[in-house]
Amino acid sequence: MTELRQAARIARTSALYEVLQPGRLAGAGAQLGVQIFLTWCLWRALYDAVPASSGLSREQAVSYAVLATLYGRLRGPDRDVAGDTVRQHVWSGSIVYWYLRPVTPRRYHWLRAAGDQAYGLAWAAVTYAVCRALGLIGPPASAGGAALFGLTLLLGQFVLYYLLALVDVACFWTLRNFGVLAIIRLASSLFAGAIVPLWFFPGWFRAISSWLPFESSLHVPLSLYIGRIAPADAGRYLLVQVVWIVLLALALRLAWRRADQQIVVQGG
Amino acid sequence: MGELVIEALGLRKVFRGTARRPGFGGALRSLVAPERVTTVAVDDVSFGVRAGELLALLGPNGAGKSTTIKMLSGVLVPSAGRALVAGHVPHLDRPANARRIGAVFGQRTQLWWDLPALESFAMLRDIFKVEEAAYRLRLDELAGLLELSSFWKQRPRQMSLGQRVRCDLAAALLHDPPIIFLDEPTIGMDAVVKEQVREFIRYQTAERGRTIILTTHDMAEVSRLASRVVLINEGRVVYDGSLADLQKEYGSGWKVRVTFAHGAVPPALPGLVGTAGGEHLFAGTDPAAQRHLLRELLDRDDVEDLQAHGDDLEDVMAAVYRKRAETTR
Ligand SMILES: Nc1ncnc2c1ncn2[C@@H]1O[C@H](COP(=O)(O)OP(=O)(O)O)[C@@H](O)[C@H]1O
Ligand SMILES: [Mg+2]
């Protein structure tokens, strides 16, 4: 019971941080609304002007693009802003306190991320409902597609968590990971299909992408949603997701173990 | 005195890293052939602290005080030697160790930067699984001692340094640890807050029986709080004993500065060591001689200004470092 309370308390930190600042909350909502509206306008206009060659119908493309905009929110609030990343704590030296609590840093970091992503998911779910009601997003292509959408979306969240956590934990050694972080951010947006649906890219790009972890967070679930990947073909994608989850989880475990052994604290 | 609750047994910490060369070319060279540097932050440190004792860990900047505290509190793994806290090696089971100790590193906060301090306290309550009733009582007591209630709804980023550190002190004690590490808790504070924090620290040992290791550069604080001091320099213990003995052994004696009225003829009193401007300096080591001199001076009516100094602890410290450096070379 106290275990659960502890976990919930840690997980809700970012949400609390936003809720306690109504201005920030309203800003995030307004920003999301504007983004969705602009994306919707843009993709409709694009399809009216240029006949599509991606194999996506207008409705599919618009649904995909609007859903991809929700993805920005799905990643959860930016923990950088709250100053609670390994990078920031190693940099300022306050990482010492993570080792002076009865919750291991690994668990704390995981609970924070889980809370952030759950909070993001709540946002995305509400916005999704609104967009569906307004007709900005079409219904899922099939019941099977919808179910697989949910499953791959969930697995994709794990992939995303491990990627971001690894980059963050790497700061125990690299200290400055702005470069790496920027590359991963770009890659995880580009290869995920958050900027432009991957169906619009040339074949070689899609081939590379299909072996990388990034597309599993967004491209795969959305393609299942709009029916561009048939439920019968989902097996291969699920396998890639699971393999990445196992690999990244092992890497993260290793990274934490090394960090716990040779933690270095900046400054006196 | 109680049993030993903190033990440093030949502690040593070596940091390995790579040096950065200046400039773009340097950065490239560092990337290809990184220049390895090792820093011996703590060389060989041993001492023990008994239950209920407040020990001041002193030394110049870079002496290795913070690194020693980080090893004793289980944050850092020693390169050699052993730390024992309540009979356990702290870094081997950090969660269990965390329940036994509390820590404040004055220059950094453990509060969540963007949450009101009260939210941070509630967070720590749940992280340490403190019972609600016990939490209420403790928070009430801490808030009373540290006068937190006027600002604890603010976020640390809006607080003054003194407010923030007082919240950090409360945060470190919410789980009622018997052992506390305080690394420069009063650094940068104004005199009033400093006094409040000192009184708080004194209360925690004297009334609560907590065992405390404190580092500070403030000698008034040391003489007020600590009965025992450990001095470290360049990662080694150079003195371990009572403050009184330290002063006796290394004290430079008393000084009296006197300014006589214009035109007065200064008397030939014993202990005169020099005259600069209109000021005469008397010095000696025998306290009785100082008392005698002061009586003589106070009887005269041509004394315009008079300042008597005891042993300045800062001077004592400097003397220790000098003498030890000479004997170890
Ligand atoms: N993370 C680190 N990496 C490299 N050197 C360090 C590190 N932390 C401390 N040092 C060095 O170790 C020495 C002792 O530091 P510290 O324990 O902070 O001293 P103090 O607290 O007594 O001022 C200093 O020379 C410092 O530069
Ligand atoms: Mg220090």
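Only this structure's heavy atoms are used, side chains among them; waters, hydrogens and symmetry mates stay out. Just so we're on the same page: letters track the sequence lines, and every chain starts at 1.
Within the structure, the ring-ring contact (aromatic ring centres under 6.0 Å, His included) test picks out the following pairs touching residues 170-189 of chain B (sequence neighbours left out): B:Phe128-B:His175.
With a 4.5 angstrom heavy-atom cutoff, A:Tyr97 touches chain B only via side-chain atoms. With a 4.5 angstrom heavy-atom cutoff, B:Ala41 does not touch chain A via any of its atoms. For a residue to count as touching a neighbouring chain, one of its non-hydrogen atoms must lie under 4.5 Å from one of that chain's; by this rule B:Leu124 touches chain A with the side chain only. Contact of A:Glu3 with chain B is made through backbone and side chain together, with heavy-atom distances under 4.5 Å. Contacts of B:Glu132 with chain A are made by side-chain atoms alone, with heavy-atom separations under 4.5 Å and no backbone atom involved. Contacts of B:Ser73 with chain A are made by both backbone and side-chain atoms, with heavy-atom separations under 4.5 Å. For a residue to count as touching a neighbouring chain, one of its non-hydrogen atoms must lie under 4.5 Å from one of that chain's; by this rule B:Ile101 touches chain A with the side chain only.
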Discussion item. Side chain to side chain donor-acceptor pair (under 3.5 Å) for A:Thr104 and B:Arg94? Distances and angles first, verdict last.
Written reply: CA-CA 8 Å; A:Thr104 62; B:Arg94 287 180 176 127; over 6 Å; no
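Defined by atom type and a distance below 3.5 Å, a donor-acceptor pair is present between the side-chain atoms of B:Thr186 and B:Glu221. A donor atom on one side chain and an acceptor atom on the other are found under 3.5 Å apart for B:Asn61 and B:His217. A:Tyr119 and A:Glu18 form a side-chain donor-acceptor contact under 3.5 Å, judged by distance and modelled atom types alone.
The main-chain N or O of B:Leu11 is never found under 3.5 Å from a side-chain atom of B:Asp44 such that the two would form a donor-acceptor pair.
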